[in-house]
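Take a look at the structure set out below.
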Amino acid sequence: MLDKLKDFSSRFFVTGEPMIYGADVAILLTLAGIIFVLTYLKKWKWLWREWLTTVDHKKIGIMYMLSSLLMLFRGGVDALLMRIQLAFPQWHFLDSNHYNEIFTTHGTIMILFMAMPLMFAFFNIVVPLQIGARDVAYPFLNAVSFWLFFFGAMLFNLSFVIGGSPDAGWLSYPPLSGMQFSPGPGQDFYIWGIQISGIGSLASGINFIMTILKMRAPGMKLMHMPLFTWSVLASCIIIIFAFPVLTVTLALLFIDRFFDGHLFTMTGGGNPMMYINLIWMWGHPEVYIVVLPAFGIFSEIVATFSQKKIFGYKSMVFSMMIISVLSYFTWVHHFFTMGAGANVNVFFAITTMAIGIPTGVKVFNWLFTMFRGRIQMTQPMLWTIAFIPCFVVGGATGVMLSAAPADYQYHNSYFLVAHFHQVLIGGVVFGFFAGLYYWWPKMFGFKLNDRLGKWAFWTWNIGFYVCFMPQYALGFMGMTRRIYTYDFDMGWGPLNVISTVGAFFMGIGFIFQAWQILHGIKYGERDVTGDPWNGRTLEWSIPSPPPHYNFAVIPTVTGQDAWWTIKEERKKKKAKETAVFSPIHMPKNSGIPFIMSVFWFIAGFGLTFHWVWMAIFGLTGVGACLLARSFQYNSDYYIPVDEIRHTEDSVGRVG
Amino acid sequence: MAYATAHHEEHHHEHDEGIKVMGFWLFLVTDCILFGALFATYAVLVNHTAGGLTGKEFFEVPGFVSETFILLTSSFTSGLAVLSMHKEKIKPLIGWLIVTLLLGMCFVGLEIHEFQTMVHEGATISTSAFFTAFYTLVSTHGLHVSVGIIWMISITIQLKRYGITSVTKRKVTIISLYWHFLDAVWIFLYTVVYLMGVM
């Protein structure tokens, strides 16, 4: 009995690595610390009532943001470990299996558990405020989306200390990810972590399309919408077309693993290339899902800090829509070497190059907006300007890769690694950082320190180029991706050392940002106006942080840059309008999204270890939660006028 | 004033219900793509039988034809339920929903029976790529129908409890959309999998 238990626990818990024991201790200490602090300060009830059960889009957005920054930390540590391993030839900092696990989790976490939730954070925090809405179309579903993401991410991260991490690459190509070559639970952690959070992403896509189409303030036509809202719409359209494919792909992989199916195994007639087609049918559009909102963010920032209307609004909208359509017709460029034939490769090469055109249009529009504008070099603007050269280089190398014959040379080399980091960090991460600095005062009511921000900006940027420029060269020198170690006589050593130094610079940049946030909480400059940047869109017309009903009175919109227009009119008239309040219809908080996601987590854990009883228990719980919700009829309430007047008075807005 | 608020409330709720129905249409778009991906997988793997048996040896014409008739009829009865709802007649509404439910259960029962026979005769999910794709595609549809049955039972209970209100109306509308959608998917299954399989 005791032996059995020992045997079980040695398979269940990941053992043998001092770093993992360290992580175990750190996780336990953090958990104990959190529990102690919450108990000591008597905050359990507060946590449940204000956060875990909330359906307020702003709070959900903040939770998305915090979890995503945590994941950025974890993915970043993975990156640094990889860079240490690769710094010197014949180096054995990590063993090969551990290295495989780290590059797999780094990719998965950065795309699915860092970029996606950070994007959803902006969707949640900004979109309803920009379109003059009180909430999203389905507030309850919104909470479900968040908690599914959260518990999916937790399930995935658990693999680090329990069961073992996946090690078949971030897209888990079979046969490597099949039962034969990945028999442990790592691959199933991958499948269910992503599957659960993916369902949430799909729901968010539907939610925000409906929010944008149906919840706009009166008078706001589609062509009056702020460009960030447009970019969210474009991104959500891609989500609802791409994410079902991901759901199917992961389910099929699980069927192969769990039921001994033969979809992707060569024995039995399966076709592994089928998987690669399917996963990239989601995977390539996914790139545009995360980058389009970044483009939206840049459009807002450039207009605000050039103090001008955006140049070429219509072409901006048009280009985003073109990108969202073209994004489905590029997936084969990920495997030009598949052997599909010249004609297929030519088609996908041309569509891939074509997508550069609308992207180029946008860059020129931003430049023309800045031209003859009164540019203010604030922190959001700094990141926007840094983005432009970075993305231009990334775009150029992308076109190089998209030329099918040339791709036979670059395929799976470090040139490719450098390219996609250049567009994903330069485009998405820089964009989201710009957005964080831009909307931070709106979220929390204080600005972040400028000096620390500049330090963060420069360390990140210098680090970025030092890290990735050598990798282009390494690619030409023949270094391939996912390589674990290399020989002295390859001559890759010096460039790899430089690259590692750059990576650490970016790590320092992240520390500056963490410091900046802590500094801001204590000393941050308060924003009492609600409009610290002299903004143009409606989110700046309400106090920071906004009251939970957002707008005491829903504004009427007459054109683009609604808040700017209102300000201009107020200057002319100089008269203050008195607002007439009426009761506000709001959704009630609910614990069901949280509880249901816990059941999903239990089901996912059971499926990961192939414990059918546990999976059935979890899924039954999910079903029970859905039924409970279906029988809940009393799910909203009205805020009385007195309460609105009181709240508005307390933030200095007299009705 | 009280009247005005009540009116406002009613108006607001109807607006809410409309948005929920539209959102469900969007969900159906995503479900279309889900099935599209499964159909694509099936189409790629349909001849990958690893030298073994094909569907032709296993598909029983009387079986899948009766499944088809039962499901098509259930789609019709769910339509009748919606018609009764629009006439504000609660009893036929509940009655037709129950008929739909029972037909749905018959369908699932027949499908399970079909699978059992096939497995018994030696065509399991791990026999070949073709059979993996077949079972995956058809049982995904079957799973959808089963979920629909539980969902419809819950709505029937709610109708008994609350009668026809704007909320229950929306729920019946959505479940019938879902049911028709499953019917449409089955027509593709019937054609692509079964008819083309036995021909």
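Proteins come first, then strands; the chains are lettered A, B, ... in the order of their sequence lines, and each starts at number 1.
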Problem - Contacting moiety of Asn277(A), where chain B heavy atoms sit under 4.5 Å - result: neither
Problem - Proximity breakdown for Phe35(B) and chain A, heavy-atom pairs closer than 4.5 Å - result: neither
Problem - Atom pair OG1/CE of Thr41(B) and Met274(A) - distance to nearest 0.5 Å - result: 3.5 Å
Practice task
For His610(A), look at atom NE2 and say whether over 12 heavy atoms of other residues, nucleotides or ligands are found less than 6.0 Å away.
Solution key: yes
Completion exercise
On a heavy-atom basis, the closest approach of Ile33(B) and Phe241(A) is CD1-CD2, 3.0 Å
Problem - Expected output: side-chain His262(A) to main-chain Ser126(B) donor-acceptor under 3.5 Å - result: yes
Exercise for the section: Let me know if Tyr633(A) has heavy atoms under 4.5 Å from chain B in its side chain, its backbone, both or neither. Expected result: side chain
Handout entry: Contacting region of Leu263(A) [heavy-atom separation from chain B under 4.5 Å]
Key = both
Problem - Tyr637(A) atom OH, neighbour heavy-atom count above 12 within 6.0 Å - result: yes
Problem - Side chain, backbone, both or neither of Leu45(B) within contact of chain A (heavy atoms, under 4.5 Å) - result: side chain
Handout entry: Enclosure of Glu60(B) CD (heavy-atom neighbours >12, cutoff 6.0 Å)
Key = no
Practice task
Answer yes or no: does atom CE of Met266(A) have more than 12 heavy-atom neighbours from other residues, nucleotides or ligands under 6.0 Å?
Solution key: no
Exercise for the section: List the steps, then state whether side-chain contact (heavy atoms from CB on, under 4.5 Å) holds for Tyr138(A) with Ile19(B). Expected result: CA-CA 9 Å; Tyr138(A) 318 112; Ile19(B) 276 196; 3.4 Å; yes
Handout entry: chain A contact via Thr124(B) - side chain, backbone, both or neither, heavy atoms under 4.5 Å
Key = neither
Practice task
Go through Gln158(B), Met22(B), Lys20(B), His48(B) and name the one with the most non-hydrogen pairs under 4.5 angstrom from chain A.
Solution key: Gln158(B)
Handout entry: Greater than 12 external heavy atoms within 6.0 Å of Lys588(A)'s NZ
Key = yes
Problem - Glu121(B) atom CD: more than 12 heavy-atom contacts under 6.0 Å - result: yes
Exercise for the section: Check each atom of Met215(A) against the heavy atoms of chain B and say whether the ones under 4.5 Å are side chain, backbone, both or neither. Expected result: side chain
Problem - Under 4.5 Å from a heavy atom of chain B, the part of Leu213(A) involved - result: neither
Handout entry: Phe243(A) side chain reached by Thr30(B) side chain, heavy atoms, under 4.5 Å
Key = no
Handout entry: Gap between atom CG of Asp260(A) and atom OG1 of Thr132(B) - 0.5 Å precision
Key = 8.5 Å
Exercise for the section: Keeping the roles fixed (side chain from Lys171(B), backbone from Ser630(A)), state whether a donor-acceptor pair exists under 3.5 Å. Expected result: yes
Exercise for the section: Look at atom CZ of Phe76(B) and say whether more than 12 heavy atoms of other residues, nucleotides or ligands are closer to it than 6.0 Å. Expected result: no
Practice task
Below 4.5 Å from any heavy atom of chain B, which atoms of Ile206(A) appear? Answer side chain, backbone, both or neither.
Solution key: both
Practice task
Pick one of side chain, backbone, both or neither for Ile240(A), based on which atoms fall under 4.5 Å of a heavy atom in chain B.
Solution key: both
Exercise for the section: Can you establish whether the number of heavy atoms outside Phe617(A) located under 6.0 Å from its atom CZ is more than 12? Expected result: no
Practice task
Begin from the C-alpha positions of Phe631(A) and Arg161(B) and carry the test side-chain contact (heavy atoms from CB on, under 4.5 Å) through to its verdict.
Solution key: CA-CA 10 Å; Phe631(A) 277 90; Arg161(B) 207 183 272 182; 3.9 Å; yes
Completion exercise
Okay, Thr247(A) and chain B: the region with an atom under 4.5 Å from a heavy atom over there is side chain
